[in-house]
There are 2 protein chains.
Amino acid sequence: MKKTLKERIIESAINLFEKHGYHGVSVGQIVDDSQTSKGGFYHNFKSKDELLFYIHDLFISYVLDKAREAYDNFDTPVSRLCAIIQSFTKVFDLYKPHITVFYQESAYLAREYQQLINEKRDEYRKIILQVISEGQSNGDFRSEVPAEISTMSIIGMINWTYKWYKKDGALSIDSIALIFNDLILHSLITEKGMKDIAAETYLLKSQRQ
Amino acid sequence: MKKTLKERIIESAINLFEKHGYHGVSVGQIVDDSQTSKGGFYHNFKSKDELLFYIHDLFISYVLDKAREAYDNFDTPVSRLCAIIQSFTKVFDLYKPHITVFYQESAYLAREYQQLINEKRDEYRKIILQVISEGQSNGDFRSEVPAEISTMSIIGMINWTYKWYKKDGALSIDSIALIFNDLILHSLITEKGMKDIAAETYLLKSQRQ
DNA sequence: TATTTGGTACCGACCAGTCGGTCTGTCCTC
DNA sequence: GAGGACAGACCGACTGGTCGGTACCAAATA
């Protein structure tokens with residue numbers, strides 16, 4: 001199937017935005033890169049602002065779906081959390097430019113769009129919070145740490161990946177996801193949680209024992 | 001001591017940039033807010049770019065100093081790491097607007113300035129990497145996890161604070177710093193490390209045992 | 001002491017260029 | 001022949017930066 005003009009514009013925009021930032025790229029440049037015209041652009045988008053929104057929405061909607069899926073497909077806090085971490089981390093192979101734009105340029109979203117995005121972002125956060133809270137209730141996760149802070153720590157730790165991850169780097173995104181699982185589980189889990197379920201399957205094997 | 005015009009300009013700029021982003025604020029607005037003129041501005045700064053650099057440098061230099069200090073004042077991996085985490089986290093009370101600008105707008109730094117900033121940022125990262133590596137060598141930290149990833153995870157987790165931390169929120173920055181210590185230590189430390197030193201002093205007390 | 005000099009800090013009207021966005025027109029399809 | 005998809009010349013607003021000028025102060029001169 002041939003790419004529509006709209007898709008071509010979005011693709012050009014994402015790549016240019018990732019490199020030079022939203023304000024570092026003019027509509028004229030996007031139009032050149034996607035081989036169209038001002039007319040073609042404004043036929044498909046109400047404004048440059050709306051284009052920025054599209055890019056945001058593309059990513060956050062995808063990642064939110066994945067999180068819901070992960071939640072539904074598993075039934076313990078540990079397995080759910082790990083599934084979410086895995087899916088979240090793996091998104092970087094596919095959506096790194098989107099993510100970069102998402103976190104660098106979201107301040108420039110028009111108010112109306114910002115709200116729509118924030119709702120989805122909050123819902124995403126709530127899913128993680130929910131999983132951690134459930135884990136604290138059933139004793140799998142330590143209760144000394146406020147679930148809100150754990151949630152933000154996890155999100156921060158994974159999101160930050162966009163600052164350093166290279167697709168052709170030494171570590172694949174899958175191994176990075178495993179490491180994140182290991183780090184996060186170690187920081188949250190109780191002794192009970194460790195025995196309770198097959199948590200070891202989510203941990204890296206030690207070379208030392 | 002009276003504030004110099006340069007200081008006033010920087011202060012205005014930081015606050016405006018935090019709210020509206022670098023590109024959302026014109027030199028004219030900065031000039032109005034700091035009660036000066038275009039002339040006054042360009043007498044103190046070569047360009048708007050240079051002003052952005054100043055703000056970046058202010059923050060990264062401070063935080064780098066603090067990390068060196070933390071390293072020098074302690075002599076075990078665990079205590080050093082915790083001191084760095086503490087000092088890093090506490091910076092948010094003082095420099096949150098700087099940090100916001102630092103991470104949202106660094107893409108727009110001119111190449112020449114970007115390099116200067118990157119050098120300091122890399123040095124900072126190296127200090128943390130060094131501490132973790134030393135801990136892995138002496139057996140305090142687990143060796144299953146690559147030190148590079150642990151480093152980036154820590155940095156990401158703490159940096160992300162700028163997205164959600166509110167000065168008048170439920171948790172003080174000091175308690176947040178303690179929680180970070182707890183989470184990070186749990187994720188890195190070995191059983192030996194736990195016994196070896198008084199690592200408990202850095203962990204939150206459980207309510208359950 | 002009174003006056004000149006020179007340098008620094010600052011002022012604000014102004015400019016050239018760029019940007020997002022519009023509008024009229026053309027082609028192509030149904 | 002009507003309506004959607006796109007082309008591209010064009011516009012007004014605004015931006016970063018300039019430049020001739022002023023206010024002020026300390027040192028030099030008389």
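What you see is a predicted model; the values in this text were computed from it and never measured.
A close approach under 4.0 Å does occur between a side-chain nitrogen or oxygen of Asn44(A) and OP1 or OP2 of dC6(D).
In this structure a side-chain-to-backbone donor-acceptor pair under 3.5 Å is present from Lys48(B) to Tyr22(B). Here the side chain of Thr100(B) pairs no donor or acceptor atom with the backbone of Glu18(B) at under 3.5 angstrom.
A ring-ring contact (aromatic ring centres under 6.0 Å, His included) with Tyr54(A) holds for exactly one of Phe102(A), Tyr113(A), Phe45(A); it is Phe45(A). Just one residue in the list Pro146(B), Ser137(B), Ser150(B) forms a side-chain contact (heavy atoms from CB on, under 4.5 Å) with Ile132(B), and that residue is Ser150(B).
Proximity of the aromatic rings of Phe88(A) and Tyr124(A) is defined here by a centroid distance below 6.0 angstrom, and this criterion is met. Remark: aromatic rings of Tyr108(A) and His23(A) are close, center separation under 6.0 Å.
Here the C1' atom of nucleotide dC6(D) and the CD1 atom of Ile9(A) are 10 Å apart, to the nearest Å. Straight-line distance from the NZ atom of Lys48(B) to the P atom of dG17(D): 8 Å, rounded to whole Å. Rounding to whole angstrom units, NE2 of residue His23(A) and C1' of dC14(D) are separated by 14 Å. Rounded to an integer number of Å, the gap from His20(B) NE2 to dT15(D) P is 13 Å. In this structure, the CZ atom of Phe45(B) is 18 Å from the C1' atom of dT18(D), given to the nearest Å. Atom NZ of Lys6(A) and atom C1' of dC6(D) are 15 Å apart (whole Å).
In plain terms, the two heavy atoms of Pro77(A) and Phe141(A) that are nearest each other are CB-CE1, 4.0 Å.
Taking a 4.0 Å limit (strictly below) on heavy-atom distances, residues 10-18 of chain A does not reach DNA chain C anywhere. Residues of residues 33-43 of chain A having a heavy atom closer than 4.0 Å to DNA chain C, listed by number: Lys38(A), Tyr42(A).
Chain A approaches DNA chain C within less than 4.0 angstrom (heavy atoms of the protein), and the contacting nucleotides run 5' to 3' from dC19(C) to dT22(C).
The aromatic rings of Phe59(B) and Tyr95(B) sit tilted, their planes meeting at an angle between 30° and 60°.
Atom CG of residue Leu5(A) and atom CD1 of residue Ile10(A) lie 10.0 Å apart, to the nearest 0.5 angstrom.
Thr36(B) has its side chain out of reach of Asn44(B): every pair of non-hydrogen atoms, C-beta onward, lies at least 4.5 Å apart.
Residue Gln115(B) places its CD atom among 12 or fewer non-hydrogen atoms of other residues, nucleotides or ligands, all under 6.0 Å distant.
At a threshold of 4.0 angstrom between heavy atoms, the contacts of Val25(A) are confined to the sugar-phosphate backbone, with no base atom among them.
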